[in-house]
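For reference, the structure discussed in these notes is given below.
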Number of protein chains: 2
Amino acid sequence: MSYTISQVAEKFDLTAHTIRYYDKEGLLPFVDRSKSGIREFSDSDLEWLKLICCLKNTGMPIKQIKQYIEWCLQGDETLEIRRQLFLDHRKEVLKHMADLRENLKLIDFKLKMYDTGCNIPVPR
Amino acid sequence: MSYTISQVAEKFDLTAHTIRYYDKEGLLPFVDRSKSGIREFSDSDLEWLKLICCLKNTGMPIKQIKQYIEWCLQGDETLEIRRQLFLDHRKEVLKHMADLRENLKLIDFKLKMYDTGCNIPVPR
DNA sequence: ATTCAACTTAGAGCAAACTCCAAGCATTTT
DNA sequence: AAAATGCTTGGAGTTTGCTCTAAGTTGAAT
C-alpha cells in the first residue's frame, strides 16, 4: 500500500506544495514514483518524513536536514557523524527550551502586573 | 546616563543594524535623540528593549510587537487588549514548549539507536 | 469520448527578518 | 587642521521557507 502526496500532506499537516518543495531540496530522495512519474509514499517514507518534520520543527535548517539525509544514504561510514549531529541538535533544542522558560518568566511577570492592576508597564 | 546604539547592541547581543531596523519598524518610538540626531538609550529604553527581545525570542512577529508598542503609547484604554495579548502569547509559548518536548522524544530515541549500535535507522 | 480531479514540472513571487552599502555628519584623537 | 571613529539615512540586497501559477499529463467516472 502507498500514499499520494495529498494524503501525506493531510497526515502531516503540510501542503502538497511544501512536500514537493522538500523533495526539490533533496529531503525525499527515497520516495518512489509510479511509471507515470507520480510519487508513491510507503510507510517507511512516512517514517522518514516524520523525522524530517521533527528536525524542522525543532529548528534545524532544511540544508542541514538534507546533509543528514545524504549521510544516511552513504551508509555506515557516516554513523558517527550522524550520531554527533543528533547530539549537537539535542543540545540546541535543550538550550532553546531553557531560553523559552527564561523568557516565559518575564511574560508571566507582565501578566501579573496586568492582573493586579499594579500597572506601571515600563514607560518613563 | 545614556547608551549609544553600539553599546546597546553589545548588551543585547544584536547588531546596531538590527536595532536601527527595529526602530524603522516602529518598535522604538520612545528612544530620544541628541540635538545632532544620535539615538540616546535610557535605562528605561533598555527595559523596553528587553521586553521586545523577549517577545521576539518567543516567536512573536515584529508587526505584532509594533502593535503592542502602539497600544502602550495609547494609554490605559488598551490595558485589557494588551493583557489579552500576553495571555494569548503565553499560551502559544507553552504550546511551542510542549511541541519541543514531544519532538525531543524522537531525537532521544534516535540517539539511543545510535548509542546501542542497534541501528536500523529508518530506510528500507 | 469527454469531463473532472489530482498529479507533474519549472519557475516566479512573497513575507519575514535581517544585512549591508553609500554618502554624509559629528566628535574625538593626533 | 586633518584623520579616525562612530553615528545618521534611504534604499538595495540576501536568506529562508514556503506559496503559487501555468501548462501539461494521467486515470477514473459519466
Side-chain angles (χ1 to χ4, degrees), chain A residues 1-42 45-46 49 51-69 89 92 96 99 103, chain B residues 1-42 45-46 49-70 89 92 96 99 103:
Chain A
M1 220 318 218
S2 71
Y3 308 86
T4 66
I5 197 168
S6 45
Q7 286 169 333
V8 176
E10 169 107 334
K11 234 183 240 287
F12 283 86
D13 201 26
L14 300 168
T15 69
H17 285 308
T18 302
I19 294 175
R20 283 190 206 104
Y21 163 70
Y22 288 169
D23 196 2
K24 192 155 53 177
E25 292 301 307
L27 265 48
L28 307 171
F30 40 78
V31 174
D32 281 337
R33 306 290 188 113
S34 73
K35 50 188 176 298
S36 59
I38 288 172
R39 288 173 189 84
E40 294 179 330
F41 290 78
S42 69
D45 294 342
L46 297 196
L49 194 50
L51 180 59
I52 287 167
C53 287
C54 166
L55 294 175
K56 190 207 62 171
N57 291 334
T58 48
M60 186 181 288
I62 276 163
K63 276 183 187 172
Q64 202 176 345
I65 300 175
K66 178 196 165 131
Q67 173 67 269
Y68 164 73
I69 301 279
H89 187 58
E92 279 182 36
H96 185 197
D99 288 348
N103 282 316
Chain B
M1 219 317 215
S2 71
Y3 309 86
T4 66
I5 198 166
S6 46
Q7 286 170 333
V8 175
E10 169 107 336
K11 233 181 239 287
F12 284 85
D13 201 25
L14 302 167
T15 69
H17 286 307
T18 301
I19 295 176
R20 282 189 208 104
Y21 163 70
Y22 288 169
D23 197 2
K24 193 155 50 174
E25 292 300 308
L27 266 46
L28 309 171
F30 39 78
V31 174
D32 282 336
R33 307 289 190 113
S34 75
K35 48 190 178 294
S36 58
I38 286 170
R39 289 175 189 82
E40 294 180 329
F41 290 79
S42 68
D45 294 341
L46 298 196
L49 194 50
K50 187 175 159 190
L51 180 58
I52 287 166
C53 287
C54 165
L55 294 174
K56 190 208 61 168
N57 291 334
T58 49
M60 186 180 288
I62 275 164
K63 277 184 185 170
Q64 201 175 346
I65 300 176
K66 179 198 166 132
Q67 174 66 267
Y68 164 73
I69 301 279
E70 282 170 2
H89 187 58
E92 278 182 37
H96 186 196
D99 288 349
N103 282 315

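The sequence lines fix the lettering, A, B, ..., with proteins before strands; numbering per chain opens at 1.
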Item to check | For atom CD1 of B:Ile38 and atom P of C:dG24, their distance in whole Å | outcome: 18 Å
Checklist entry - Reckon B:Arg39 touches a base, only the sugar-phosphate, or nothing at all at heavy-atom distances under 4.0 Å? => result sugar-phosphate
Item to check | B:Asp99 CG to B:Glu92 CD distance, which is reported to the nearest 0.5 Å | outcome: 11.0 Å
Nucleotides 11-16 of chain D: which of its N/O atoms have a protein N/O under 3.5 Å away?
| residue | atom | partner | partner atom | Å |
| --- | --- | --- | --- | --- |
| D:dG11 | N7 | B:Lys24 | NZ | 3.4 |
| D:dT16 | OP2 | A:Lys63 | NZ | 3.3 |

Checklist entry - Roughly how far apart are A:Phe41 CZ and A:Phe12 CZ, rounded to 0.5 Å? => result 9.5 Å
Item to check | Under-4.0 Å side-chain N/O to phosphate OP1/OP2 contact, A:Tyr22 with D:dC18 | outcome: yes
Checklist entry - Looking for any heavy atom pair under 4.0 Å, which part of the strands does B:Ser34 touch: base, sugar-phosphate only, or nothing? => result nothing
Checklist outcome for this item: Here the distance between atom P of C:dT9 and atom CZ of A:Arg20, to the nearest Å, is 7 Å
Next on the checklist: Whole angstroms only, please: what is the NZ-P distance between B:Lys35 and C:dC25?
Outcome noted: 18 Å
Checklist outcome for this item: A:Asp23 CG to D:dT19 C1', in whole Å, measures 17 Å
Item to check | Between CD1 on residue B:Ile52 and CG on residue B:Leu46, distance to nearest 0.5 Å | outcome: 11.0 Å
Checklist entry - Counting just side-chain N and O atoms, does B:Arg33 come under 4.0 Å of either OP1 or OP2 of D:dT9? => result yes
Checklist entry - Which heavy atom in B:Gly26 sits nearest to a heavy atom in B:Ile69, and how many Å separate them? => result O-CG2, 4.2 Å
Checklist outcome for this item: Among the nucleotides C:dC18, C:dC7, D:dC7, whichever has the atom closest to the side chain of B:Ile5 is D:dC7
Next on the checklist: Please report the distance, rounded to the nearest Å, between CG in B:Leu28 and P in C:dC18.
Outcome noted: 12 Å
Checklist entry - Starting at CD of B:Glu40 and ending at C1' of D:dC7, how long is that distance when rounded to a whole Å? => result 11 Å
Next on the checklist: Measuring only between side-chain heavy atoms, which start at C-beta, is A:Ile19 closer than 4.5 Å to A:Leu28?
Outcome noted: yes
Item to check | Side-chain heavy atoms of B:Met60 within contact of B:Gln67, under 4.5 Å | outcome: no
Checklist entry - Where do B:Leu27 and B:Ile62 land on the side chain to side chain contact (heavy atoms under 4.5 Å, CB included) test, with the steps shown first? => result CA-CA 8 Å; B:Leu27 266 46; B:Ile62 275 164; 4.0 Å; yes
Item to check | Separation of atom CD1 in A:Ile65 from atom C1' in D:dG17, rounded to whole Å | outcome: 11 Å
Next on the checklist: Minimum heavy-atom separation for A:Cys53 and A:Leu14, please, with both atom names.
Outcome noted: SG-CD1, 4.0 Å
Item to check | Nearest-angstrom distance from the residue atom CD of B:Gln64 to P of C:dA16 | outcome: 12 Å
Next on the checklist: Tell me whether the side-chain N/O atoms of B:Ser36 come closer than 4.0 Å to OP1 or OP2 in D:dT8.
Outcome noted: no
Checklist entry - Less than 4.5 Å apart, any side-chain heavy atom of B:Leu51 and any of B:Tyr68? => result yes
Next on the checklist: Let's see if you get this right: which residues in residues 12-19 of chain B place a heavy atom under 4.0 Å from DNA chain C?
Outcome noted: B:His17, B:Thr18
